[in-house]
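Each chain gets a letter, A, B and so on, in the order the sequences are listed, and its residues count up from 1. This structure is a prediction, so every number in the text was calculated from the model and none was measured.
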Protein chains: 2
Amino acid sequence: MTHGLDREWVQDALCALHDAGYQKGGARQAVIEALASHDCAVTALELEDDLRTSEVAVARASIYRALDQLEALRLVHRVDVGRGRASYERAERDGEHHHHMVCDRCGRVTPFEDGRLERAIRRVSDGATFDVKEHEIVLRGLCPRCS
Amino acid sequence: MTHGLDREWVQDALCALHDAGYQKGGARQAVIEALASHDCAVTALELEDDLRTSEVAVARASIYRALDQLEALRLVHRVDVGRGRASYERAERDGEHHHHMVCDRCGRVTPFEDGRLERAIRRVSDGATFDVKEHEIVLRGLCPRCS
DNA sequence: ATGACTGCAAAGCCTTTGCACGCAA
DNA sequence: TTGCGTGCAAAGGCTTTGCAGTCAT
């Protein structure tokens, strides 16, 4: 899923953190760069693996702390693809987003997007009793490799 | 969310379990009846609370085991509304189903359904690279009481 | 010097598993 | 009698928290 670092998002994130009063820190920066190299949801433990093989060593606790902070600033989205593990992915500035297909067999996660689906969601949200702020859609089944 | 026991579903479930070779058991039966009294997703621990105040005492492990078995027979759906806790709800025989709105503040879960949304989902599923078997939609925001 | 950032280890939570006992068939 | 069903306690897996040392400002 790595597709080249999204440098623009890294800059945005560092800037937003600075504005929010955070100081500089190597662990957090490493987490940000690891996130920037993924185009779709990754778990905290996958990030830990990424970082273990990189030059910087980052403690698991620091990964979770950084993810919490980034989520609070809406720089990352927390995604629940099931089985009790949370995943995280970059939030785009323009609100653009995708959803996920998860393979029941191998766990592979693949993103997709669909305008008509988004419109249907918006229509439902507008008519709902809740004040809806976000939505999450997960399709489950078998990936091409497993089916 | 309790709305009277769904006796028909209880019968279906007991029958399906029998057909699948399961024997009778008080704990499992109690779990089934607890599930039948809810119209929307409940967690295993909420079921445990229900059962604690009922006449039958059911161990936590038995609740999880019963839920696993019921899910395997597709008598209940496992739903992930986030925060690492799984929820479970009755599966309707006719495949009818609903989705969920979750309150970010109080955690309240409310069901909704929408035909147009289902059609949009089906269209995406049909065109996907995955062989999609299920889908799950969660809207997040504030419930009427919290907003 | 002050307070934020980090690593390590311990604690927390939900869930699963191992084992011995009891009940259904 | 056989083996499934159950309760209890322990173990697992992911996440959070406490604390002391380190680094940025």
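- The side chain of B:Asp68 approaches C:dT16 more closely than any other nucleotide in the set D:dT15, C:dT16, C:dT15.
- Mapping A:Gln29 and B:Gly84 onto DNA chain C by nearest heavy atom places A:Gln29 at the nucleotide closer to the 5' end.
- B:His135 and B:His97 have perpendicular rings, their planes meeting at more than 60° on a 0 to 90° scale where under 30° would count as parallel.
- Protein atom CG of B:Asp80 is 13 Å distant from nucleotide atom C1' of C:dC14, rounded to whole Å.
- Under a 4.0 Å N-O distance rule, the pair B:Asp80/A:Arg140 qualifies as a salt bridge.
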Can you give the dot-bracket line for DNA chain C, using ( ) for pairs inside the strand, [ ] for pairs that cross earlier ones, | for pairs with another strand and . for unpaired bases, where Watson-Crick and G-U count if both distances are under 3.5 Å? |||||||||||||||||||||||||
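- Nearest nucleotide to the side chain of B:Ala44, out of C:dG7, D:dC14, C:dT15: C:dT15.
- A straight line from CD of B:Glu48 to P of C:dT16 spans 14 Å, rounded to a whole angstrom.
- In this structure, SG on A:Cys103 lies 9.5 Å from CG on B:Asp131, to the nearest 0.5 angstrom.
- For the pair A:Glu46 CD and D:dC14 P, the computed distance is 11 Å after rounding to whole Å.
- In this structure, A:Arg90 pairs ionically with A:Glu92, as a charged nitrogen and a carboxylate oxygen lie closer than 4.0 Å.
- If B:His18 and A:Gly21 are placed on DNA chain C by their nearest nucleotide, the residue sitting closer to the 5' end is A:Gly21.
- Taking 4.0 angstrom as the limit, B:Tyr64 places a side-chain polar atom (N or O) nearer than this to OP1 or OP2 of C:dT15.
- Salt bridge A:Glu134/A:Arg74: present, at least one basic N to carboxylate O contact under 4.0 Å.
- When side chains are defined from C-beta on, B:Thr43 does not count as touching B:Tyr88, because their heavy atoms never get closer than 4.5 Å.
- The environment of A:Arg145 atom CZ is sparse: at most 12 non-hydrogen atoms of other residues, nucleotides or ligands sit within 6.0 angstrom.
- For the pair B:Ala61 and B:Gln23, both in contact range of DNA chain D, the more 5′-proximal nearest nucleotide belongs to B:Gln23.
- When each of D:dC8, C:dT6, D:dG5 is scored by its nearest atom to the side-chain atoms of B:Arg65, the top-ranked nucleotide is D:dC8.
- Not one side-chain nitrogen or oxygen of B:Arg60 sits closer than 4.0 Å to the OP1 or OP2 atom of C:dT15.
- Between D:dT25, C:dG7, D:dT6, one nucleotide has an atom nearer to the side chain of A:Lys24 than all others, and that is D:dT25.
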